[in-house]
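Protein chains get the first letters and strands the later ones, always in sequence-line order, with residue 1 at the start of each. What you see is a predicted model; the values in this text were computed from it and never measured.
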Amino acid sequence: MEPIMALAVGLLYAAAIYMMLRRSIVKLVIGLMLLSNAANLLIFASAGMTRGAPPLIPEGAMAPEGLVADPLPQALILTAIVIAFGVLAFAVVLIHRAYEVVKADDLDQMKETDT
Amino acid sequence: MGLFWIPLLPLLGTVVPLLSSRFGRSFLALFTAIPPLLALLLLLQLAPSVFNGEVIYQSFDWIPLAGLSLTFRLDGLALLFALLILGIGLLVILYARYYLSAKDNMGLFYAYLILFMTAMLGIVLSGNLIQLWLFWELTSISSFLLISFWSHKSEARKGARMALTITGAGGLALLAGLLLVGKIVGSFDLSVVLASGDLLRQHAAYPVVLVLVLLGAFTKSAQFPFHFWLPHAMAAPTPVSAYLHSATMVKAGIFLMARFYPVLAGTELWFLIVSMTGLITLLLGAYVALFKHDLKGLLAYSTISHLGLITLLLGMNTQLSTVAAVFHIINHAIFKASLFMAAGIIDHESGTRDMRRLNGLWKYMPHTATLAMVAAASMAGVPLLNGFLSKEMFFAETLDQVTLGSLSWMVPVLATLGAVFSVAYSARFIHDVFFNGEPVDLPKTPHEPPRYMKVPVEILVALCLLLGIFPGVIVGPLLALASTSVLGGELPYYSLSIWHGFNLPLLMSFLAMLGGLIIYHNRRHLFRFQSQFPEPDAKLIFEWLVQRLVRLCSAIIDKLENGSLQRYVFLLLLAALVLMAGPMIDLNATLGHQSSMPVDTVSLIGALLLAAGAIATVILNRRRLVSLLTLSVVGLIVSLAFARFSAPDLALTQLSVEVVTMILLLLALFFLPQSTPKESNPRRLVRDLSLAGLIGGVIGTINYAMITRPLDSISGFFLENSKTGGGGTNVVNVILVDFRGMDTFGEVAVLGIAALGIFKLIVHMRLYMPSTDGNGLPWSPDRHPMMLAIVSQSLLPLALLVSVYIFLRGHNQPGGGFIAGLITSVAIIQQYIAHGVDWIKERLRINYQWMVASGLLIAGLTGIGSWFFGRPFLTSWFDYFSLPWVGKFELASAMVFDLGVYLTVVGATLLILANLGKLTTSHSPAAKENN
């Protein structure tokens, strides 16, 4: 399963970066979303993959029994997902503000409107 | 009272003038003088123990790990300088009261002056090298403020800028030098450094250290070739010149050389650099001073020349020459301060400083003239005045110099030549200004200044006389004390008497007097000769150089930064790729030793869907709606992957965020142009695809290498302590709300701030709704279909119930405040979509900003609550209770914290989406404008 996961992460990264290099600002946003998904998956997978053993402590026990998934990257990613949403929302509104001012959503055109 | 009060009192005094501006100018000066006066009294109180050979020391920890402390240290040299700084400073405060006009902002002037005084005191009293440097830079900055005080004048601004650039650049060199010293010695403590002279001198880096430290000293003390800033600093008000160019600013460089004399001096290299620089500066300054028609210009170049003299003395490496240097520091400070003040009086009362127009002032201001003449005579080195004594010592020392071998005779000859010019310009100062016929159309009729404006000059001139006649009594002990700490040991024998019999130094003095008077008498020939040379204006050259540098920099920046975001991203990624290449090549075995997980059909299908989604997003990127749909496929599969590989919390979060994000993007796209520009350049497509492919490949490889290697993390701690310490069985949630609660608090704060920022951006936005879609078709008139409205309305209670359930079980089962908050948001947004903003506005009267604020407040207060139990911020508490019928249940402070998280998430999400959505309705500012 590991090679497939690695391939998927690599592919997501490639797609994200390609989109971020486009002229249209909307594509840049799509690229950002892909990138945050890719990064989350990378952190998640890098800690090792576990199936059917979430980091939960069974009733009555004081610590989980046997091998469970690493809770630390999960906590990191949970935070990252929410922050990524905040960043994305801010970026989107900023783009609207820029569009309102320069009447363009094309990065190359925006560049020309510099004063 | 502690030593640190001496620099601290003036620092506190900086605000005094600003506060007391309204009491009138005399009171202002009086109040300003109080803190330095107290500091001076304190210094005098400490002086006896310093005279007893003690070094007073006071230290506070600053950054102990970096070897930094706030250390104050008072030895003989520091005492001498502190006395000069405070004493002359007080006289300057009195003088400035009468010099500044009613138009000038006197409070501000005094504040700058006191700030500068603090900086100087800080330099001389520092017992730590880095601290010394800090105050050193502070003098550069505060002198900039002082020089540019009349900032409406272009020359003041340019002069200040030049002084700051030169001394600031020197300061950087000094910092490098001091850091090197600290590295070699192993400590920044001055006492330790002063005891490590041999270590420093024998170290291979000694020449580098020496040059760097001297660069700092020479720039500050206006030594050739950095001398040109000083004459331009004369654009400052004269009290500033009297202070900066007599006892303080320029003496800081001299102080630095004297301070490091025990550890850096005594080598050939020191002799060569320091004494030769001093000699050149001495001659150049003395020569140029004669040709300056501006009174202050003459004094400026004379200052340069005298600084050169002191530097030359310090460079000669003999004990006696060092004593002479210290003596001349005192003498020069006294006579030069009084001369500047006298020049200021003349300027003030006659309206000009041009010596071609100022003639015969003796008739108009005999009192001032007498004072100025005594001081000028001291500058020329006339017997019975203090300048004579140190000059005699200087001549004697030049005769003993042998380091230049067979050329050593040149030093006394050149020294005498310098003295000749010194006498000549002093004679010019006296004769041109006070005699030499009648004034030439002066702006004002000159007269004596106010009584108290002369007092500082009188005190200083009296000192010149007293020191010149009774040197042993007045200055003997202080000179001995200061020289001892410069030499760092025994004092040589020297005699401070006026008369040493007929000897060579006396002959040199006599020759200098004679030569100077002859030159002055024949000055017209010299002036005519000198006028053949075009006078280079350092200001113009400097400005030209600075502007060229700026142009060069902006040319480079223009090449690097063309404003194209894609280019920056491309270059950044390329750089990352290059940096990664090295370690990646070393990583020869990609495959680790971890056992691999078998491939199963469901996961494989998921991976294929993910790949298809990503590729489709890229290929279909010009059709926005479609590419958003394929993008959501990617998000969905990622959340399924989380679920499949044992991360239920992540799966729930990702799923709900995905919904909110898609609504956000759909809303966003609505306002943007419906067609996307075509990426025309195929070369660029290939270039971008190659880079993206390479990076994807590298990241995939890294990922693979990481998955297949064992990972040793701190997670074991969380797993073991989650239940016992945090009282929860969902370890991920316990990490978020308990172990790393502070991180989560910061994170929701970020979300809240982002939401508020978005709100502010949207409030004034004027976006017009497009009337048709991308294909030119009009939007459906039925904006809120009935079926959707009814279904979503009946779903609402259910959704809210689910979110409550998810919230409550969060501590022990997958769920928690984040996920519950997102579910609530989605449920409410659903209502917005189904019924429109107007409908919701009537029914749901919630202020989302308040919701964000109260959420953050609750989370913060929960954290603060633990303080009342004497625990650190955000320490959690939990216990088990039981109620009849309900049974045993747990209460934990972490749940209150989670409630704060919940409220913030709901508030922030709705604040963003509802406000963006509002743009589509009659509440939109654009719509209002249309009405």
Problem - Sub-4.5 Å side-chain heavy-atom contact between A/Asn40 and B/Phe642 - result: yes
Completion exercise
When rounded to the nearest 0.5 Å, the distance separating CD1 of B/Ile758 from NE2 of A/His96 is 11.5 Å
Problem - Pair B/Gln654, A/Asn37: side-chain N/O donor-acceptor within cut-off below 3.5 Å - result: yes
Completion exercise
Under 4.5 Å to a heavy atom of chain B? For A/Val101 that would be neither
Problem - Region of B/Leu694 that comes under 4.5 Å of a non-hydrogen atom in chain A - result: neither
Exercise for the section: Please list, chain by chain and in numerical order, all residues satisfying side chain to side chain contact (heavy atoms under 4.5 Å, CB included) with B/Val659, sequence neighbours excluded. Expected result: B/Ile663, B/Val826
Fill in the blank from the handout: Heavy-atom nearest pair, A/Arg22 first then B/Arg684, reads NH2-O, 4.4 Å
Practice task
Examine whether an atom of A/Leu28 lies under 4.5 Å from a heavy atom of chain B, and if so say whether it belongs to the side chain, the backbone or both; otherwise answer neither.
Solution key: side chain
Practice task
Would you mind checking which part of B/Val618 comes under 4.5 Å of any heavy atom in chain A, side chain (CB onward), backbone (N, CA, C, O), both or neither?
Solution key: both
Exercise for the section: Using a 4.5 Å cut-off on heavy atoms from C-beta on, say whether the side chain of B/Phe818 contacts that of A/Ile81. Expected result: no
Problem - Heavy-atom pair count under 4.5 Å with chain B, highest-scoring of A/Leu41, A/Ile4, A/Val9, A/Val26 - result: A/Val26
Practice task
Name the option with the most non-hydrogen atom pairs under 4.5 Å to chain B; the candidates are A/Ala84, A/Ala15, A/Ala38, A/Gly10.
Solution key: A/Gly10
Handout entry: Check against side-chain contact (heavy atoms from CB on, under 4.5 Å), B/Phe645 and A/Thr50
Key = CA-CA 5 Å; B/Phe645 298 108; A/Thr50 324; over 6 Å; no
Exercise for the section: Tell me, for B/Leu736 versus chain A, whether the close heavy atoms (under 4.5 Å) come from the side chain, the backbone, both or neither. Expected result: side chain
Practice task
Using modelled atom types only, decide if a donor and an acceptor are shared between the side chain of B/Ser646 and the backbone of A/Gly52 within a distance under 3.5 Å.
Solution key: yes
Practice task
Find out whether A/Glu2 and B/Met706 are in side-chain contact, i.e. whether some heavy atom of one side chain is under 4.5 Å from a heavy atom of the other.
Solution key: no
Practice task
For A/Gly48 and B/Ile707, work out which heavy atoms get closest and say how close.
Solution key: CA-CG2, 4.4 Å
Problem - Non-hydrogen atoms of A/Ala89 and B/Leu664 that approach each other most closely - result: CA-CD2, 3.6 Å
Practice task
Just give me the residue among A/Leu34, A/Val82, A/Leu12 that pairs up with chain B most often, heavy atom to heavy atom, under 4.5 Å.
Solution key: A/Val82
Fill in the blank from the handout: Per-residue tally against chain B (heavy atom, under 4.5 Å) across A/Thr79, A/Leu11, A/Leu42, A/Ile30 peaks at A/Thr79
Problem - B/Gln813: partners by side chain to side chain contact (heavy atoms under 4.5 Å, CB included), with sequence neighbours left out - result: A/Leu56, B/Arg809
Handout entry: Under 4.5 Å from any heavy atom of chain A - which part of B/Leu631
Key = side chain
Handout entry: Minimum side-chain heavy-atom gap A/Ile83-B/Leu751 below 4.5 Å
Key = no
Completion exercise
Of the listed B/Thr661, B/Val657, B/Ile819, the one with the largest count of heavy-atom pairs under 4.5 Å with chain A is B/Thr661
Completion exercise
With chain A, the option among B/Ala754, B/Ser627, B/Ala668 that has the most non-hydrogen atom pairs under 4.5 Å is B/Ala668
Handout entry: Atom pair OH (A/Tyr18) and OG1 (B/Thr617), whose distance is rounded to the nearest 0.5 Å
Key = 12.5 Å
Exercise for the section: Can you tell which part of A/Met19 gets under 4.5 Å to a heavy atom of chain B, answering side chain, backbone, both or neither? Expected result: side chain
Completion exercise
Scored by heavy-atom pairs under 4.5 Å with chain A, the best of B/Ile912, B/Leu719, B/Leu610 is B/Leu719
Problem - Residue selection (most heavy-atom pairs with chain B, distance under 4.5 Å) from A/Asp70, A/Ile43, A/Val92, A/Ile25 - result: A/Asp70
Fill in the blank from the handout: What one should report as the nearest heavy-atom pair of B/Gly728 and A/Ile57 is O-CD1, 4.0 Å
Fill in the blank from the handout: Ranking B/Asn703, B/Thr909, B/Leu913 by heavy-atom pairs under 4.5 Å to chain A gives rank one to B/Asn703
Practice task
May I ask you to test the A/Phe90-B/Leu761 pair for a side-chain heavy-atom distance under 4.5 Å?
Solution key: yes
Fill in the blank from the handout: Turns out that what part of B/Leu665 lies under 4.5 Å from chain A's heavy atoms comes down to side chain
Practice task
Evaluate the side-chain proximity of A/Met20 to B/Leu565: yes if any heavy-atom separation is below 4.5 Å, no if none is.
Solution key: no
Handout entry: Part of B/Phe739 lying under 4.5 Å from any heavy atom of chain A
Key = neither
Practice task
Please tell me if the side chains of A/Met1 and B/Asp600 come closer than 4.5 Å, counting only heavy atoms from C-beta onward.
Solution key: yes
Exercise for the section: With a 4.5 Å cut-off on heavy-atom pairs, point out which of A/Ala69, A/Ala45, A/Ala8, A/Ala16 contacts chain B the most. Expected result: A/Ala45
Exercise for the section: Would you indicate whether the side-chain heavy atoms of B/Val660 and A/Phe85 approach each other to under 4.5 Å? Expected result: yes
Handout entry: Best-contacting candidate, B/Thr653, B/Leu650, B/Val599, against chain A by heavy atom pairs under 4.5 angstrom
Key = B/Leu650
Practice task
Check whether B/Ile735 gets within reach of chain A through its side chain, its backbone, both or neither, counting any heavy atom under 4.5 Å.
Solution key: side chain
Exercise for the section: Find the one option among B/Gly606, B/Ala614, B/Ala647 whose heavy-atom pairs under 4.5 Å with chain A are most numerous. Expected result: B/Ala647
Completion exercise
Honestly, the part of B/Phe570 sitting under 4.5 Å from a heavy atom of chain A is both
Practice task
Against chain B, label A/Val87 side chain, backbone, both or neither, depending on which of its atoms sit under 4.5 Å from a heavy atom there.
Solution key: neither
Handout entry: Gap separating the CD atom of B/Gln566 from the CZ atom of A/Arg23, nearest 0.5 angstrom
Key = 8.0 Å
Practice task
Supply the atom-to-atom distance B/Asn733 CG to A/Gln74 CD, rounded to the nearest 0.5 angstrom.
Solution key: 12.0 Å
